[in-house]
Amino acid sequence: KQSQFFLTQKKNPHVKTQCAMILASNFTAILLLLSQCQFFIFAFPLSIIRQHQNNVLLNTIPLRNHMLTLSATKGEEVAPCIDSGDDQVIKSHIMVQDRRKFVSTSTAFLNALAIGSFAVPLSSQAQQGYLPDMKGGLVKPPRALGGLPKKIRAVGNIMDELQRDLMQERWDLVERYPDQLRSYVPVFTTYTDSAFPSDSPTDNGLRVALRYEVGRFFASLERLKQATARRNLNEAYVAYSDMSLHFDRYLHVGGLYTYYDATVTNEDYFKGISRDSLVYSDPVKDPAEVRDLVVLIKGSDMGKTGIVIGIYPDGNNKCIVKLDRFMGLREIRVLPRDFVAKRLGEQNPDDVFLIPPRKSGNGNNGNGGSTNSNS
């Protein structure tokens, strides 16, 4: 079935390599199963039939061995009372036992190798940065991508630094980010056109979606630039939140996340746990604000932690939460404010505040020296 599917997709250049690898793995598995049959033929020769005819003699072997063992434990010297015919049967019986042990070990090894031959291609492909397709598989990225996926993920590090400087109200540093981020326009454009280059409806739809997210990202960047010029902190928070949201969507649509979470909802893990055992502030009486460290108390992401990076002022009572880092990336969630509660007690700061600070000013130092980071 796998071979038939991939042969129908042979015109798609992304599928050729995966088709060859899976066909090779299937062929290898068939050869291993055939070799198992050869081992079974080797391990059970015709001598077993002859031993079955001497069933009476074979039944006497365990009894005599038991008597010899008992005598040896008592320290008595026992002369062997087995004739040459019995000795031949005993040796043959031992050979059969050794062969059966060899067959069981070989069978276990070959089964593991045959099963592993199916799993190796997909796991190795995931480690080599293969991109997910729309059918649940993985396809090799085109050679034209080069290091583009890594460069795009590096934008997340710039966004972390921007969050730190914005929340510390370092306007002199925030003003420098728009030009730096705009230099990534060719990177986004090249990746969009190279990762999904065909004229198929799927690739066309993905290119449109990715270009939309890039457009919204840089439109939000322009709003951030204007809010920075006016020193309007609330508008700057909302603009930065929209930038983070559209960048996160670009990563998801473009298959640039390094992991996949198959969990449908986390609420099932909290069934049977008393609400009193969960420590957080009342989201109605004491709602979370920007810069507050929070925990999600409802919804599919219940139990996850993060920081509030923005609150929409349009009256929809929703906020933007940047979840804590997992495998190098931080997802963005837009949630009702009653889903988000402030964490209580002593907490570690958000990891963006642990990033070494930039130096202010146009030169290496600003105001006559390096700046000190705020905790």
Side-chain angles (χ1 to χ4, degrees), residues 13-14 17-18 124-134 138-166 173-198 202-225 228 239-261 309 320 322-332 350-352 354-359:
H14 302 296
T17 304
Q18 190 180 12
S124 62
Q125 288 172 355
Q127 294 174 359
Q128 294 172 8
Y130 278 55
L131 300 175
D133 59 13
M134 301 302 293
L138 296 171
V139 295
K140 185 176 181 180
R143 292 184 179 180
L145 291 183
L148 291 178
K150 187 177 294 185
K151 290 181 180 179
I152 293 176
R153 294 189 192 102
V155 175
N157 299 330
I158 301 175
M159 296 292 291
D160 289 339
E161 295 182 5
L162 174 56
Q163 174 193 338
R164 174 203 62 200
D165 294 336
L166 180 61
L173 298 179
V174 174
E175 289 174 343
R176 300 162 57 183
Y177 285 96
D179 292 337
Q180 181 182 8
L181 290 171
R182 284 195 177 280
S183 66
Y184 281 85
V185 171
V187 178
F188 284 105
T189 303
T190 305
Y191 178 81
T192 300
D193 295 336
S194 301
F196 309 100
S198 70
T202 300
D203 281 7
N204 279 330
L206 289 173
R207 285 198 300 271
V208 170
L210 291 173
R211 288 167 183 164
Y212 173 81
E213 299 301 339
V214 171
R216 301 307 302 166
F217 175 82
F218 286 105
S220 302
L221 178 62
E222 184 62 27
R223 288 164 42 210
L224 174 67
K225 183 177 180 180
T228 302
Y240 172 78
S241 300
D242 286 339
M243 288 173 58
S244 302
L245 177 62
H246 293 295
F247 177 67
D248 181 68
R249 288 177 177 174
Y250 186 95
L251 295 180
H252 278 290
V253 176
L256 292 169
Y257 262 83
T258 56
Y259 62 91
Y260 172 73
D261 187 4
I309 59 175
I320 305 94
K322 190 174 186 179
L323 299 181
D324 288 342
R325 195 177 306 278
F326 179 70
M327 295 185 68
L329 297 172
R330 302 186 66 173
E331 295 189 73
I332 307 297
D350 192 77
D351 65 1
V352 300
L354 304 179
I355 303 174
R358 292 191 177 195
K359 294 181 180 180

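None of the values given here were measured: they were computed from a predicted structure. Quick note: residue numbers are just sequence positions, from 1.
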Can Thr190 and Lys151 be said to form a side chain to side chain contact (heavy atoms under 4.5 Å, CB included), step by step?
CA-CA 11 Å; Thr190 305; Lys151 290 181 180 179; over 6 Å; no
So that I can tick it off, tell me whether Asp165 and Arg176 are bridged by a salt bridge, with the cut-off set at under 4.0 angstrom between side-chain N and carboxylate O.
no
First locate atom CG of Leu166, then atom CD1 of Ile309, and finally report the distance between them rounded to the nearest 0.5 Å.
10.0 Å
Side-chain (Ser183) to main-chain (Gln180) donor-acceptor, under 3.5 angstrom
yes
Do side-chain atoms of Arg164 reach the backbone of Ile355 as a donor and acceptor pair under 3.5 angstrom?
yes
Gap between atom OG1 of Thr258 and atom NZ of Lys150 - 0.5 Å precision:
12.0 Å
Less than 4.5 Å apart, side chain to side chain, heavy atoms only: is that true for Asp350 and Gln163?
yes
Given side chain to side chain contact (heavy atoms under 4.5 Å, CB included), test Phe188 with Val185 step by step and report yes or no.
CA-CA 5 Å; Phe188 284 105; Val185 171; 5.8 Å; no
Tell me the closest heavy-atom pair linking Ile320 and Ser241, and the distance in Å.
CD1-CB, 3.7 Å
Residues, nucleotides or ligands: over 12 heavy atoms within 6.0 Å of Tyr260 OH:
no
Restricting to non-hydrogen atoms, name the atom on Pro197 and the atom on Arg207 that form the minimum distance, rounded to 0.1 Å.
C-NH1, 3.6 Å
Least distance between heavy atoms, Phe218 atom then Leu181 atom
CE2-O, 3.5 Å
State whether the side chain of Arg325 and the backbone N or O of Arg330 hold a donor-acceptor pair below 3.5 Å, judged by distance alone.
no
Would you call Lys225 and Arg182 a side-chain contact if the rule is heavy atoms closer than 4.5 Å?
no
Rounded to the nearest 0.5 Å, what separation is found between the CG atom of Leu256 and the CG atom of Leu329?
9.0 Å
Assess the residue pair Thr189 and Tyr184 against the criterion (side chain to side chain contact (heavy atoms under 4.5 Å, CB included)); give the C-alpha distance rounded to whole Å, side-chain angles, the decisive distance to 0.1 Å, and a yes or no.
CA-CA 9 Å; Thr189 303; Tyr184 281 85; over 6 Å; no
Which heavy atom of Asp193 sits nearest a heavy atom of Arg211, and at what distance?
OD1-NH2, 2.7 Å
Test item: Tyr177 side-chain N/O and Ile158 main-chain N/O as donor-acceptor pair under 3.5 Å
no
Between Gly254 and Leu210, the two heavy atoms sitting closest are N-CD2, 3.7 Å
Any ion pair linking Arg223 and Asp242 (charged N to carboxylate O, less than 4.0 Å)?
yes
Smallest separation among heavy atoms of Asp203 and Ser198, with atom names:
OD2-OG, 2.5 Å
Is there side-chain contact between Val214 and His246, with at least one heavy-atom pair below 4.5 Å?
no
For Val187 and Val155: C-alpha separation, side-chain torsions, deciding distance, then whether side chain to side chain contact (heavy atoms under 4.5 Å, CB included) applies.
CA-CA 10 Å; Val187 178; Val155 175; over 6 Å; no
Validation row, ring centre Phe217 to ring centre Tyr250 under 6.0 Å
no
Supply the atom-to-atom distance Tyr240 OH to Met159 CE, rounded to the nearest 0.5 angstrom.
4.5 Å
Heavy-atom side-chain proximity of Asp351 to Asp324 below 4.5 angstrom:
no
Tell me, do Glu331 and Lys322 make a side-chain contact under 4.5 Å, heavy atoms counted?
no
Taken to the nearest 0.5 Å, the spacing of Glu213 CD from Leu251 CG works out to 10.0 Å
